[in-house]
Chemist: 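First the structure, which I've put down as structure tokens, then a few questions once you've had a look.
The chain is numbered in sequence order, starting from 1.
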Amino acid sequence: MAQHQAQRLPLHFSGSGSEYFRLWIVNVGLSIATLGIYSAWAKVRRNQYFYRHTRLAGAGFDYHGEPIAILKGRLVAFALFAAYTAASSFAPTAAAFILMLIMVLAPWLLVRSLRFRMHNTSYRGLRFAFRGRTGPAYLAFLLWPLLAGLSLGLLWPFAQQRMAAYTRNNSSYGSAEFRFSAGAGAYYAIYLMTLMLGVVLFAGLMVLTSILGSNGWFAVEEGQLTAMSLLLAALGTYLGLLLFAYPYVTARLQNLVWGATTLGEHRFVANVSAYQLLGLMLSNVVLVVLTLGLYKPFADIRLARYRIEHLHVLMEGNPDDFVAGLQADASAAGDEMAEMFDFDIAL
């Protein structure tokens with residue numbers, strides 16, 4: 001029997017920089033004029049623009065979030081961090097208590113936020129959902145990040161894997177559930193490669209600065225040459241990793257996370273290039289600086305188009321039949337009382 005081959009469906013992004021600039025400038029102006037209150041409405045307009053210009057198999061996504069719900073979440077976040085900032089200047093004990101309160105509330109707030117965002121995202125009229133429980137969220141979003149910090153970052157790849165597994169394994173589209181299969185070892189491989197690049201860069205800079213110092217490029221005494229070489233190599237390595245590591249890690253993580261994600265029997269493939277992403281980010285930064293920030297919406301569009309259009313769905317069968325089947329399942333389940341999704345917070 002011939003082996004069945006999945007249909008490869010690319011995502012397309014049709015957003016325009018000039019078109020989005022008009023939306024962006026109005027959002028910024030009204031947010032400033034209203035002291036940030038309009039930012040909730042600005043987020044809805046921004047999300048709707050990006051969602052509706054993202055298409056898969058000829059159909060676009062949509063965003064249905066209510067600005068009032070987003071405003072409520074931002075007011076809660078503002079109140080918590082304002083209380084912490086105010087208390088830290090005159091009552092360190094109270095500030096520490098508020099910080100602990102924020103940490104304790106963060107996973108609970110994040111679960112509600114995930115429910116809100118997924119519930120208010122749809123494709124072909126069918127909504128996504130997040131069904132994660134709050135208890136496991138404290139392990140994924142609080143315990144493991146804390147342990148990663150206490151281990152000086154050694155457990156951070158494992159913490160990232162647990163967060164990704166929690167969010168993806170508890171998400172669904174209609175009655176089809178997402179599943180995540182990547183282990184912590186795949187995350188460690190990415191950061192290990194980054195560490196090796198840093199070591200090679202540091203060693204190369206040490207050799208280079210030593211050669212330059214020996215040839216009289218630095219006005220230092222012989223005994224200070226090693227210290228100068230170490231300082232310059234460390235600074236160069238830091239700047240190099242800051243410049244190159246972020247796009248590398250970002251590209252590898254996107255490829256890893258989507259490559260390990262399935263939706264029912266359907267799979268995903270991402271092929272983001274670290275070099276292309278680096279060039280895109282560098283050019284965006286330069287153009288934003290040269291235009292005093294006015295290029296920002298164009299940069300957002302360029303980055304969104306690159307990352308979206310380097311993601312493909314490996315669809316088993318016809319996408320119309322797949323969505324129609326999920327819609328039939330949803331209608332067959334009856335009209336049940338849906339949980340209210342009335343709260344969003346950016347964490």
Side-chain angles (χ1 to χ4, degrees), residues 8-32 39 42-43 45-56 60-61 63 156 160 164 187 189-202 204-205 208-209 232-259 268-313 346:
R8 190 182 184 97
L9 301 176
L11 275 80
H12 296 285
F13 183 71
S14 59
S16 163
S18 58
E19 184 180 57
Y20 179 59
F21 177 84
R22 295 191 290 272
L23 184 150
W24 175 83
I25 199 69
V26 171
N27 282 347
V28 171
L30 291 178
S31 296
I32 294 175
S39 65
K43 179 177 181 179
R45 295 183 64 200
R46 181 177 64 250
N47 284 353
Q48 287 178 342
Y49 182 86
F50 280 94
Y51 282 42
R52 291 171 182 175
H53 283 83
T54 302
R55 303 183 69 81
L56 173 66
F61 292 79
Y63 181 76
W156 176 242
Q160 274 194 299
Y187 283 81
I190 294 175
Y191 287 102
L192 181 60
M193 181 60 69
T194 306
L195 178 62
M196 292 175 61
L197 291 174
V199 171
V200 171
L201 180 60
F202 179 80
L205 289 174
L208 178 61
T209 53
L232 293 177
L235 180 60
T237 301
Y238 172 76
L239 295 176
L241 288 178
L242 190 65
L243 181 63
F244 297 107
Y246 177 74
Y248 170 78
V249 173
T250 299
R252 290 291 302 275
L253 283 179
Q254 177 165 337
N255 296 342
L256 168 65
V257 170
W258 281 111
F268 299 86
V269 173
N271 57 349
V272 175
S273 166
Y275 296 106
Q276 293 177 354
L277 191 60
L278 171 62
L280 181 62
M281 289 181 171
L282 285 178
S283 61
N284 278 347
V285 169
V286 171
L287 291 170
V288 168
V289 171
L290 291 178
T291 60
L292 302 180
L294 293 179
Y295 190 77
K296 176 65 166 53
F298 296 87
D300 292 342
I301 291 294
R302 292 181 68 201
L303 186 58
R305 175 175 290 110
Y306 180 81
R307 297 185 68 171
I308 290 171
E309 294 192 346
H310 282 77
L311 176 63
H312 299 76
V313 180

Chemist: Rounded to the nearest 0.5 Å, what's the gap from CZ on R252 to OG1 on T250? Could you check?
Modeler: 12.0 Å
Chemist: Hey, mind stepping through R302 and Y295 against side-chain contact (heavy atoms from CB on, under 4.5 Å) and telling me if it holds?
Modeler: CA-CA 11 Å; R302 292 181 68 201; Y295 190 77; 3.1 Å; yes
Chemist: Between atom CD1 of I32 and atom OG of S39, what is the distance when rounded to the nearest 0.5 Å?
Modeler: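 Separation between the atoms: 11.5 Å.
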Chemist: Any side-chain to backbone donor/acceptor pair from E309 onto F13? Under 3.5 Å, distance only.
Modeler: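 Confirmed, E309 side chain pairs with F13 backbone.
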Chemist: Of all the heavy-atom pairs spanning V288 and A299, show the shortest one and how long it is.
Modeler: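 Taking every non-hydrogen atom into account, CG2-CB, 4.2 Å.
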Chemist: So among W24, Y306, F21, F50, which one has a side chain to side chain contact (heavy atoms under 4.5 Å, CB included) with I301?
Modeler: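 Of the listed options, the one satisfying the test is F50.
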Chemist: Between atom CG of L311 and atom CG of N255, what is the distance when rounded to the nearest 0.5 Å?
Modeler: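 Reported value, rounded in 0.5 Å steps: 9.5 Å.
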Chemist: Run through V286, L294, L292 and flag the one making a side chain to side chain contact (heavy atoms under 4.5 Å, CB included) with L290.
Modeler: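 Filter result, single survivor: V286.
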Chemist: Between Y187 and A164, which heavy-atom pair has the shortest distance, and what is it?
Modeler: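 For Y187 versus A164, the nearest heavy atoms are OH-CB, 3.4 Å.
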Chemist: Looking only at heavy atoms, what is the nearest atom pair of Y63 and Q48, with distance?
Modeler: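 Closest pair (atom of Y63, atom of Q48, distance): O-NE2, 3.4 Å.
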Chemist: Measure the spacing between OG1 of T291 and CZ of F298 and express it to the nearest 0.5 Å.
Modeler: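 Taking OG1 in T291 and CZ in F298, the distance rounds to 9.0 Å.
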Chemist: Step by step, would you call R45 with V26 a side-chain contact (heavy atoms from CB on, under 4.5 Å)?
Modeler: CA-CA 10 Å; R45 295 183 64 200; V26 171; 3.6 Å; yes
Chemist: For the atom pair OG (S16) and CD (E19), what is the distance rounded to the nearest 0.5 Å?
Modeler: 5.5 Å
Chemist: If I take atom CG from residue L9 and atom CZ from residue F268, how far apart are they, to the nearest 0.5 angstrom?
Modeler: 10.5 Å
Chemist: Are any non-hydrogen side-chain atoms of F61 and L56 less than 4.5 angstrom apart?
Modeler: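 In contact.
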Chemist: Check whether any side-chain heavy atom of V269 lies under 4.5 Å from a side-chain heavy atom of R8, and answer yes or no.
Modeler: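 Answer yes - side chains close enough.
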Chemist: For a side-chain contact (heavy atoms from CB on, under 4.5 Å) check, start with the C-alpha distance between W258 and N271, then their side-chain angles and the critical distance, and finish with the verdict.
Modeler: CA-CA 10 Å; W258 281 111; N271 57 349; over 6 Å; no
Chemist: Tell me, do L277 and Q254 make a side-chain contact under 4.5 Å, heavy atoms counted?
Modeler: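 Result no, sub-4.5 Å side-chain heavy-atom pair not found.
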Chemist: Check whether any side-chain heavy atom of Y191 lies under 4.5 Å from a side-chain heavy atom of L253, and answer yes or no.
Modeler: yes
Chemist: Looking only at heavy atoms, which two atoms of L11 and T54 are closest? And how far apart?
Modeler: CD2-CG2, 3.9 Å
Chemist: With side chains defined as the heavy atoms from C-beta onward, is the minimum distance between D300 and Y20 less than 4.5 Å?
Modeler: yes
Chemist: Please check if the side chain of R52 supplies one atom and the backbone of G60 the other of a donor-acceptor pair under 3.5 Å.
Modeler: no
Chemist: Would you name the heavy atoms of Y49 and H53 that are closest together and state the gap between them?
Modeler: O-ND1, 2.8 Å
